[in-house]
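Presented below is the structure to which this report refers.
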Amino acid sequence: PDSSLYVFDQLIQLARSSSQQHELRSGLRRKASLLYRIGNYQAAAKANEERIAGYHLMSYDEEDKSRYLSRAHRDLAKALRKLGRTAESLEHYETSLRYANNAGEAGRNEKANTLNSLGNLYFNLREYELAQEKYQHSLELYQELDVKVGICSSCNNLGLVSSKTGNLQQAIDYYWSNLEVKKKADGRERMSNTYGSIGDVYLVWGQEAEAKAYFLQAKALQEELGMGDELTRC
């Protein structure tokens, strides 16, 4: 990571000095993303603030700039959420949604992504009704756009909310919807997680035989695909 960050800083400096907008945008985005992935949320927040300031200085088409700014404000909101700065995080999620709306049709995918991420914030705050509302809205947008990864993510999150609020049958239904999309998209690696989630619901339900059957399906798929890291978590 340290070497990558050094290279990104060199890329950003060079792109700035030569007025290469695309490379500058890419360097700012990748630096912020790497800092977030390694868990340095304070630095990730600062990098995203730098990214936003940089985007405002670029001479992109307004539609494109709105999409880029929507994504950058969402990433800043995620870093702030990890830092426990909830009010600021909410503010940037709202800004992200505003820019997504400004982008019109081209911003719908960004809007869906932001709504799904905003749902995570409310879920962590145990505001399950608000979380469900955001997840549902994001799911509807993903379905309209036929974004299968997004559909799976929203269905999974809706399943988690349903499970937390005691609506176990609804949780199962969402997880099964998730599985059907993954089967069609050949997303077998992620199917094991969903089998495990279904098993968790049956375990809460007190149906241990059914839970065990789904856990075994998850384990068999992990073994078949060589997912050693996942097996160690079982």
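Since the model is a prediction, treat every value here as computed from it, not as a measurement. Sequential numbering from 1 along the given sequence is applied to the chain's residues.
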(request) Give a yes/no verdict on a cation-pi contact between Arg74 and Tyr93, requiring under 6.0 Å between NZ or CZ and the six-membered ring centre and an angle within 45° of the axis. (result) no
(request) To the nearest 0.5 Å, tell me how far Gln42 CD sits from Leu35 CG. (result) 11.0 Å
(message) Do Phe215 and Leu160 sit in one hydrophobic cluster, given that two such residues count as connected whenever their side-chain heavy atoms are within less than 4.5 Å of each other, even indirectly?
(response) no
(message) On a heavy-atom basis, which atom in Arg67 and which in Ala103 lie closest, and how many Å separate them?
(response) CG-CB, 3.7 Å
(message) I'd like to check the side chain to side chain donor-acceptor pair (under 3.5 Å) partners of Ser59; sequence neighbours left out, ordered by chain and number.
(response) Gln21
(request) Dump the intermediate steps for side chain to side chain contact (heavy atoms under 4.5 Å, CB included) on Tyr142 and Val149, then the final yes or no. (result) CA-CA 9 Å; Tyr142 283 136; Val149 171; over 6 Å; no
(message) I'd like to check the side chain to side chain contact (heavy atoms under 4.5 Å, CB included) partners of Ala171; sequence neighbours left out, ordered by chain and number.
(response) Ser162, Ser163, Tyr175, Val201
(message) Same cluster or not: Leu158 versus Leu145, using hydrophobic residues (I, L, V, M, F, W, Y) connected whenever any side-chain heavy atoms lie under 4.5 Å apart?
(response) yes
(request) Say whether, by atom type as modelled, one donor and one acceptor occur between the side chain of Ser17 and the main chain of Leu14 under 3.5 angstrom. (result) yes
(request) Output yes when a side-chain donor or acceptor of Ser117 lies under 3.5 Å from a complementary backbone atom of Asn113, and no otherwise. (result) no
(request) Would you check if there is a donor-acceptor pair between the side chains of Lys111 and Ser70 at a distance under 3.5 Å? (result) no
(request) Look only at the side chain of Ser89 and the backbone of Arg85, and say whether a donor-acceptor pair between them is shorter than 3.5 Å. (result) no
(request) Sequence neighbours left out, what passes salt bridge (charged side-chain N to carboxylate O under 4.0 Å, His left out) with Arg30? Give chain and number order. (result) none
(request) Search all heavy atoms of Leu76 against all heavy atoms of Ala45 and return the closest pair with its distance. (result) CD1-O, 3.5 Å
(request) Verify the neighbour count for atom CD of Glu144: are there more than 12 heavy atoms of other residues, nucleotides or ligands below 6.0 Å? (result) yes
(message) Working to the nearest 0.5 angstrom, can you tell me the gap between Asn178 CG and Lys148 NZ?
(response) 13.0 Å
(message) side chain to side chain contact (heavy atoms under 4.5 Å, CB included) for Leu179 and Tyr195? Distances and angles first, verdict last.
(response) CA-CA 8 Å; Leu179 273 178; Tyr195 282 131; 3.7 Å; yes
(request) State whether the side chain of Tyr135 and the backbone N or O of Gly119 hold a donor-acceptor pair below 3.5 Å, judged by distance alone. (result) yes
(message) Can a donor-acceptor pair be found, under 3.5 Å and without considering hydrogens, that links the side chain of Lys65 to the backbone of Met58?
(response) yes
(request) Return the set of residues passing salt bridge (charged side-chain N to carboxylate O under 4.0 Å, His left out) with Arg16 (not counting sequence neighbours), or none when no residue passes. (result) Glu50
(message) Could you walk me through whether Lys164 and Phe123 satisfy the side chain to side chain contact (heavy atoms under 4.5 Å, CB included) test, starting with their C-alpha distance in whole Å, then the side-chain angles of each, then the deciding distance to 0.1 Å, before giving a yes or no?
(response) CA-CA 10 Å; Lys164 283 287 187 182; Phe123 183 87; 3.8 Å; yes
(message) Testing the basics here: between Ser138 and Ala112, what is the closest heavy-atom pair and its distance to 0.1 Å?
(response) CB-O, 3.3 Å
(request) Using only heavy-atom distances, determine whether the side chains of Tyr174 and Asn157 contain a donor-acceptor pair under 3.5 Å. (result) no
(message) If I take atom CD from residue Gln217 and atom CD1 from residue Ile198, how far apart are they, to the nearest 0.5 angstrom?
(response) 8.0 Å
(request) Inspect the surroundings of CD in Gln207 and state if more than 12 heavy atoms from other residues, nucleotides or ligands are less than 6.0 Å away. (result) yes
(request) Would you kindly confirm whether Leu125 and Leu115 end up in one hydrophobic cluster when ILVMFWY residues are joined by side chain heavy atoms under 4.5 Å apart? (result) yes
(request) Indicate the atoms forming the closest heavy-atom contact of Tyr68 with Tyr55, along with that distance. (result) O-CE2, 3.4 Å
(request) Hey, could you give me the CG/CG distance between Leu28 and Leu11, rounded to the nearest 0.5 Å? (result) 8.5 Å
(message) Any donor-acceptor pair under 3.5 Å linking the side-chain atoms of Asn101 with those of Arg98?
(response) no
(message) Which heavy atom of Ser197 sits nearest to which heavy atom of Asn156, and what is that distance?
(response) OG-OD1, 4.2 Å
(message) Closer than 3.5 angstrom, by distance alone: can the side chain of Ser96 be matched with the main-chain N or O of His92 as a donor-acceptor pair?
(response) no
(message) Closer than 4.0 angstrom, basic N to acidic O: yes or no for Lys183 and Glu180?
(response) yes
(message) Please report the interatomic distance CG(Leu121) to CG(Asn116), rounded to the nearest 0.5 Å.
(response) 12.5 Å
(message) Apply side chain to side chain contact (heavy atoms under 4.5 Å, CB included) to residues Asp75 and Arg51 and explain how you reach the verdict.
(response) CA-CA 10 Å; Asp75 290 346; Arg51 177 182 170 196; 2.8 Å; yes
(message) With heavy-atom distances below 4.5 Å as the criterion, would you say the side chains of Asn48 and Lys78 are in contact?
(response) no
(message) Please confirm whether the ring centroid of His73 lies under 6.0 Å from the ring centroid of Tyr99.
(response) yes
(message) Which heavy atom of Leu139 sits nearest to which heavy atom of Cys155, and what is that distance?
(response) CD1-SG, 3.9 Å
(request) Please answer whether the main-chain N or O of Ala15 pairs with a side-chain N or O of Ser19 as donor and acceptor at a distance below 3.5 Å. (result) no
(request) Treat each ILVMFWY residue as a node, draw an edge where side-chain heavy atoms are under 4.5 Å apart, and state whether Val204 and Val161 are in one component. (result) yes
(request) Flag yes if Leu216 and Trp205 sit in one hydrophobic cluster, no otherwise; membership is Ile, Leu, Val, Met, Phe, Trp, Tyr, and two members link when side-chain heavy atoms are under 4.5 Å apart. (result) no
(message) I need the full list of ring pair (Phe, Tyr, Trp, His ring centres under 6.0 Å) pairs touching residues 25-47, with sequence neighbours left out, sorted by first then second residue.
(response) Tyr36-Tyr41
(request) Answer yes or no: is there a donor N or O on one side and an acceptor on the other, between the side chain of Asn40 and the main chain of Ala43, under 3.5 Å? (result) yes
(message) Do Gln13 and Asp9 pair up side chain to side chain, a donor and an acceptor below 3.5 Å, judged on atom types alone?
(response) no
(request) With rounding to the nearest 0.5 Å, note down the distance linking CD in Gln132 to CD in Gln170. (result) 5.5 Å
(request) For Glu140, enumerate each residue passing the salt bridge (charged side-chain N to carboxylate O under 4.0 Å, His left out) test, keeping only those at least two apart in sequence or located in another chain. (result) none
(message) Side chains of Ser33 and Arg37: any donor to acceptor distance under 3.5 Å?
(response) yes
(request) Kindly say whether Tyr60 contributes a backbone atom to a donor-acceptor pair with the side chain of Asp64 at under 3.5 angstrom? (result) no
